**Student:** 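The structure is given below, and queries will be raised subsequently.
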Amino acid sequence: YCGMVAIVGRPNVGKSTLLNRLLGQKISITSRKPQTTRHRIMGIHTEGPHQIVFIDTPGLHIEEKRAINRLMNRAAASSLADVSMVIFVVDGLAWTADDEMVLSKLRRGDQDRKIVLAINKVDGIKDKEKLFPHLEELAAKYDFDEILPISAKTGTNVARILELARESL
Ligand code: GDP
Ligand code: MG
């Protein structure tokens, strides 16, 4: 069993950190500075008979006003074509226009793949009332296959993501 899974989201939500966590080693680049990763970064997770290629997909949030942006955007979007699952990562404390932009890109094309909403950075959220106040509205608007509070930093629910990824193959 093998296949590809994409990690998408605006800059700074924790995509690279999640990729590192999923692979159990430091191969992606994480930084406080947004857009440190300008290119796709892939890594293979192997477990028993399953091999999953995880793709860190930056650039889906980019405005398409300039030709160069359209190109970068197309490169990002085309990497979604062959995946069996998309992990849409958001920051548990913030929802922005860039998140909206990324989400709009996910809805294009075929609907065969799973979409998981991963609400990241829950380790830093003490007050559960503050956890992603946007969620109810979002869940009503979009039919996510699963909604998971996660922490790429501490590993909360990352095993569940792997399980869903295996099931999607
Ligand atoms: P990317 O731009 O989406 O690839 O985000 P990065 O993985 O580079 O992470 C951006 C920042 O958020 C870095 O400072 C990370 O250490 C931090 N970060 C990522 N995941 C978590 C998390 O689960 N919890 C907390 N508290 N910080 C995180
Ligand atoms: Mg990154």
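Every number for a ligand or one of its atoms is a count from 1 in the order of the listing. What you are looking at is a predicted structure, and each value in this text was computed from that prediction instead of being measured. All residue numbers in this chain count up from 1 along the given sequence.
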**Student:** With heavy-atom distances below 4.0 Å as the criterion, list the atoms of ligand 1 near P11.
**Tutor:**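 Checking each atom against P11, I get 2 (O).
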**Student:** Below 2.8 Å, can you find an N, O or S atom of T17 next to the Mg ion (ligand 2)?
**Tutor:** no
**Student:** Could you see which bit of V13 sits under 4.0 Å from ligand 1, with heavy atoms only: side chain, backbone, both or neither?
**Tutor:**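 V13 to ligand 1: contacts from backbone and side chain alike.
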**Student:** Does any N or O of ligand 1 fall below 3.5 Å from an N or O anywhere on K153, backbone included?
**Tutor:**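 It does: an N or O of K153 is found under 3.5 Å from an N or O of ligand 1.
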**Student:** Using a strict 4.0 Å cut-off to heavy atoms of S151, name the atoms of ligand 1 that fall inside it.
**Tutor:** 23 (O)
**Student:** Does N12 approach ligand 1 within less than 4.0 angstrom via side chain, backbone, both or neither, non-hydrogen atoms only?
**Tutor:**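 Within the 4.0 Å criterion, N12 contacts ligand 1 through backbone and side-chain atoms alike.
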**Student:** Is the closest N or O pair between G124 and ligand 1 shorter than 3.5 Å?
**Tutor:**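 Between G124 and ligand 1 (N or O atoms, distance only) the closest approach is not under 3.5 Å.
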**Student:** State yes or no: do Y142 and M101 share one hydrophobic cluster built from I, L, V, M, F, W and Y residues joined by side-chain heavy-atom distances below 4.5 Å, directly or via other members?
**Tutor:** no
**Student:** Donor-acceptor check, side chain of N120 to backbone of A152, threshold 3.5 angstrom: yes or no?
**Tutor:** yes
**Student:** Please say whether A152 places an N or O atom under 3.5 Å from an N or O atom belonging to ligand 1.
**Tutor:** yes
**Student:** Evaluate T154 for polar contact with ligand 1, using N/O atom pairs at a separation under 3.5 Å.
**Tutor:**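 Between T154 and ligand 1, no N or O pair is found under 3.5 Å apart.
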**Student:** Are D99 and R10 within salt-bridge range, i.e. N to O under 4.0 Å?
**Tutor:** yes
**Student:** Picking from V86, I52, V83, what satisfies side chain to side chain contact (heavy atoms under 4.5 Å, CB included) with V5?
**Tutor:**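 That would be I52.
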**Student:** Is there a donor-acceptor contact under 3.5 Å linking the side chains of S84 and S168?
**Tutor:**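 Looking only at side-chain atoms, S168 and S84 do form a donor-acceptor pair, the distance falling under 3.5 Å.
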**Student:** Whether the side chain of H45 engages the backbone of L22 through a donor-acceptor N/O pair (distance < 3.5 Å, no angle test) should be reported.
**Tutor:**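 Yes, because the side chain of H45 sits within donor-acceptor range (under 3.5 Å) of the backbone of L22.
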**Student:** Which word best sums up how the rings of F88 and W95 line up, parallel for under 30°, tilted for 30 to 60°, or perpendicular for over 60°?
**Tutor:**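 Aromatic pair F88/W95 classed perpendicular.
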**Student:** Show the atoms of ligand 1 that are less than 4.0 angstrom away from any heavy atom in K15.
**Tutor:**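 Counting atoms of ligand 1 from 1, those under 4.0 Å from K15 are 1 (P), 2 (O), 3 (O), 4 (O), 5 (O), 7 (O).
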